[in-house]
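Report on one structure; see the data block that follows.
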Amino acid sequence: MDHLINPRVKNIEISGIRKFYNMVSHTEGLISLTIGQPDFPTPDHVKKAGILAIEDNFTSYTHNAGALELRKAACDFVKKKYGLNYIPDSEVIVTMGASEAIDIAFRTILTDEAEVLLPGPVYPGYEPVIRMMGAVPIHIDTRKHQFRFTLDVIKPYITKKTRCIVLPYPSNPTGVSLTESELKELADFLSDKEIFVLADEIYSELTYDRDHTSIAQYLKDKTILINGLSKSHSMTGWRIGFLFAPETITQHILKVHQYNVSCANSIAQKAAFEALTTGMNDANKMKIEYQKRRNYVYQRLQDMELEVVMPEGAFYFFVKIPDKIGLNSFDFALDLVKQVKVAVVPGSAFSEYGEGYFRLSFACSMDTLVEGLDRIEQYFQKNPR
């Protein structure tokens, strides 16, 4: 029966992040600096709101787009935080995490042979959905541009087939973000083009040196904005995301969402309302701790003379593997586990332009980071460059 499987599905692979972690997770004494899972619990008041929802029997379907009170809270949140104006009744959809939001957005706007421009390296969750739609992902090398996906980098790749540009900032895996002027320049260029922007801003509340700016502030009519609570409120398992866009776009995306999941989890929606209202600034406490960790990890990597760009957001470092090590990123990551029992993610998981790098997550305790970096330093001492 294998020959009856949709070839577009057969030809995609499990995420390289998960694939590598599953390979090595059984290693005894392993320190994992891999998965982007916040090490903080969901705030107590948010958990209590979820418990209360169960006790109050809030266990039925909600509106397909999500409970109206939550949509209002989501619109209020992005207005206060980022100066964005969306209409709760028609310009926001509550989704099953940001991943579902990405999926339904692409399924709505992509057709066969449409091209989607992505920065390389990039989170691996976009390409499979693009390919399943028969569209074509175009990864653009950003390595010589400090991993910044600016207009100068993008412009040469725009063709008549370009349907969408993905702006995933702050970035997984690099942690970089675009400045207000860079976003304005890109928005001005795209203002008269028939090209969508998919702005994945799931890490928007975890920025360290300046406030987050969204391209939707300058290009709302063409932007599909993705966000959620997984990173900002440590709610990965609650699966609540948000998709914001003008009604001309959301009216069609909502149809795909409806037939996909009907609505997001009702209990999680009640918890999400608490997170966006009472817990509007819950991310601040985590952000302070992440910034301490970021600064510590950066100094340690600098002391090891490893090439790295300081992340402006999220909780990752994307580190260049010294050429003299002589291993590709996958073999290097395996060797790191074998020799010093530290797991990082091979850069090849983030497109061909991630080859030669590894991703290190600092979403773990300081004690874990200290021990993990001590072991990485031991590795490089044993393997001179």
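- Residues Leu369 and Arg300 fail the side-chain proximity criterion, which asks for heavy atoms closer than 4.5 Å.
- Annotation: the span from Ile102 atom CD1 to Thr95 atom OG1 amounts to 9.0 Å, rounded to 0.5 Å.
- Listed here is the closest heavy atom pair of Ile202 and Gly228: CD1-N, 3.4 Å.
- A heavy-atom distance below 4.5 Å is found between the side chains of Thr59 and Ile267.
- When the options Phe330, Phe350, Phe147 are evaluated for a ring pair (Phe, Tyr, Trp, His ring centres under 6.0 Å) with Tyr357, the one that passes is Phe147.
- By the 6.0 Å contact criterion, CD on Gln146 is open, its count of non-hydrogen atoms from other residues, nucleotides or ligands being 12 or less.
- Salt-bridge annotation for Lys48 and Asp44: absent, with no side-chain N of the basic residue lying under 4.0 Å from a carboxylate O of the acidic one.
- Few gaps surround NZ on Lys10; more than 12 heavy atoms of other groups in view lie less than 6.0 Å from it.
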*Could you go step by step and tell me if Lys270 and Glu69 meet the salt bridge (charged side-chain N to carboxylate O under 4.0 Å, His left out) rule?*
CA-CA 9 Å; Lys270 280 291 188 181; Glu69 68 167 7; 3.1 Å; yes
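- The shortest heavy-atom contact between Ser99 and Arg239 is OG-NH2, 4.0 Å.
- Going from atom CG of Leu225 over to atom CG of Leu219 covers 12.0 Å, rounded to the nearest 0.5 Å.
- Remark: Lys382 NZ is packed, more than 12 non-hydrogen atoms of other residues, nucleotides or ligands lying under 6.0 Å away.
- Residue-environment remark: NZ (Lys320) exceeds the threshold of 12 foreign heavy atoms within 6.0 Å.
- Note: the hydrophobic cluster containing Ile165 does not contain Ile224 (ILVMFWY, side chain heavy atoms under 4.5 Å, direct or indirect links).
- No salt bridge links Glu274 with Lys47; every basic N to acidic carboxylate O contact stays at or beyond 4.0 Å.
- A donor-acceptor contact shorter than 3.5 Å links the side chain of Arg71 to the backbone of Gly66.
- Remark: Glu377 CD to Leu301 CG distance equals 10.0 Å, nearest 0.5 Å.
- Between the side chain of Thr174 and the backbone N or O of Ser171, no donor-acceptor pair lies under 3.5 Å.
- Taking the six-membered ring for Trp and the full ring otherwise, the centers of Phe362 and Tyr298 sit at least 6.0 Å from each other.
- Taking the side chain as every heavy atom from C-beta outward, Phe40 and Ser234 approach each other to under 4.5 Å.
- The closest donor-acceptor contact from the side chain of Ser266 to the backbone of Phe58 lies under 3.5 Å.
- In this model, no donor atom of one side chain and acceptor atom of the other lie less than 3.5 Å apart for Asn328 and Ser348.
- Using a 4.0 Å cut-off between a side-chain N of Lys or Arg and a carboxylate O of Asp or Glu, Lys285 and Glu289 do not qualify as a salt bridge.
- Closest heavy-atom contact between Arg143 and Pro121: CG-CD, 4.5 Å.
- The CZ atom of Arg294 sits 4.0 Å away from the CE atom of Met310 when rounded to the nearest 0.5 Å.
- Listed here is the closest heavy atom pair of Ile35 and Arg359: CA-NH2, 4.0 Å.
- Between Lys184 and Glu180, at least one side-chain nitrogen of the basic residue sits less than 4.0 Å from a carboxylate oxygen of the acidic one, meeting the salt-bridge criterion.
- The two residues Leu243 and Ala105 have their closest heavy-atom pair at CD1-CB, 4.1 Å.
- Summarising the geometry, atom OG1 belonging to Thr250 is positioned 11.0 Å from atom NZ belonging to Lys255; distances are rounded to the nearest 0.5 Å.
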* Derivation of the side chain to side chain contact (heavy atoms under 4.5 Å, CB included) call for Asp282 and Glu205 -> CA-CA 10 Å; Asp282 278 352; Glu205 282 295 279; over 6 Å; no
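- Listed for the Thr236 side chain is no donor-acceptor partner under 3.5 Å among the backbone atoms of Gln37.
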Please test Asn11 against Arg131 for side chain to side chain contact (heavy atoms under 4.5 Å, CB included), starting from the C-alpha separation and ending with a verdict. CA-CA 9 Å; Asn11 291 332; Arg131 291 195 183 281; over 6 Å; no
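- Annotation: Gln251, atom CD; neighbour count of heavy atoms from other residues, nucleotides and ligands within 6.0 Å is above 12.
- Atom OH of residue Tyr208 and atom CD1 of residue Ile288 lie 11.5 Å apart, to the nearest 0.5 angstrom.
- Residues Phe77 and Tyr82 are in side-chain contact: their nearest non-hydrogen atoms beyond the backbone lie under 4.5 Å apart.
- No side-chain heavy atom of Val136 sits less than 4.5 Å from a side-chain heavy atom of Lys161.
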_Run Lys81 and Asn281 through side chain to side chain contact (heavy atoms under 4.5 Å, CB included) and show every step you take._
CA-CA 10 Å; Lys81 293 284 187 174; Asn281 295 312; 2.7 Å; yes
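- Side-chain N or O atoms of Asn260 include none that pairs as donor or acceptor with a backbone N or O of Val256 at under 3.5 Å.
- Looking only at distances, a side-chain donor or acceptor of Arg148 sits under 3.5 Å from a matching main-chain atom of Ser177.
- The cationic group of Lys220 lies under 6.0 Å from the six-membered ring centre of Tyr86 and within 45° of the ring axis, placing it in a cation-pi geometry.
- Nearest approach of Asn64 to His257, heavy atoms of both residues: O-NE2, 2.8 Å.
- Side-chain contact check for Cys164 versus Ile109: some heavy-atom pair is nearer than 4.5 Å.
- Looking at Lys222, its side chain never comes within 3.5 Å of a backbone N or O of Ile195 through a donor-acceptor pair.
- Salt-bridge annotation for Asp112 and Arg8: present, with a side-chain N of the basic residue lying under 4.0 Å from a carboxylate O of the acidic one.
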Q: Test Tyr169 against Leu183 for side chain to side chain contact (heavy atoms under 4.5 Å, CB included), laying out the working first.
A: CA-CA 11 Å; Tyr169 292 110; Leu183 291 168; 6.0 Å; no
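- A donor-acceptor pair under 3.5 Å links the side-chain atoms of Gln269 to the main chain of Ala67, judged by distance alone.
- The side-chain heavy atoms of Tyr353 and Ile140, taken from C-beta on, include no pair separated by under 4.5 Å.
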- Under the side chain to side chain donor-acceptor pair (under 3.5 Å) criterion, do Thr179 and Arg210 qualify, and how do the steps go? CA-CA 9 Å; Thr179 65; Arg210 64 176 184 272; 5.6 Å; no
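- Both Val342 and Val370 are members of a single hydrophobic cluster when ILVMFWY side chains are connected at heavy-atom separations under 4.5 Å.
- Counting only distance, with no hydrogens or angles, the side chain of Glu113 and the backbone of Gly134 share no donor-acceptor pair below 3.5 Å.
- In this structure, Tyr123 has its ring center no closer than 6.0 Å to that of Tyr203.
- A donor-acceptor pair is defined here as one N or O able to donate and one able to accept, closer than 3.5 Å; no such pair exists between the side chain of His139 and the backbone of Ser351.
- Aromatic ring pairs are classed by plane angle as parallel below 30°, tilted from 30° to 60° and perpendicular above 60°; the pair Phe244 and Phe242 is tilted.
- Counted within 6.0 Å of NZ on Lys193, heavy atoms from surrounding residues, nucleotides or ligands total more than 12; the atom is thus considered enclosed.
- Within a 6.0 Å sphere centred on CG of Asp303, other residues, nucleotides and ligands contribute more than 12 heavy atoms.
- You'll find the side chain of Asn265 stays beyond 4.5 Å of the side chain of Trp238, heavy atoms only.
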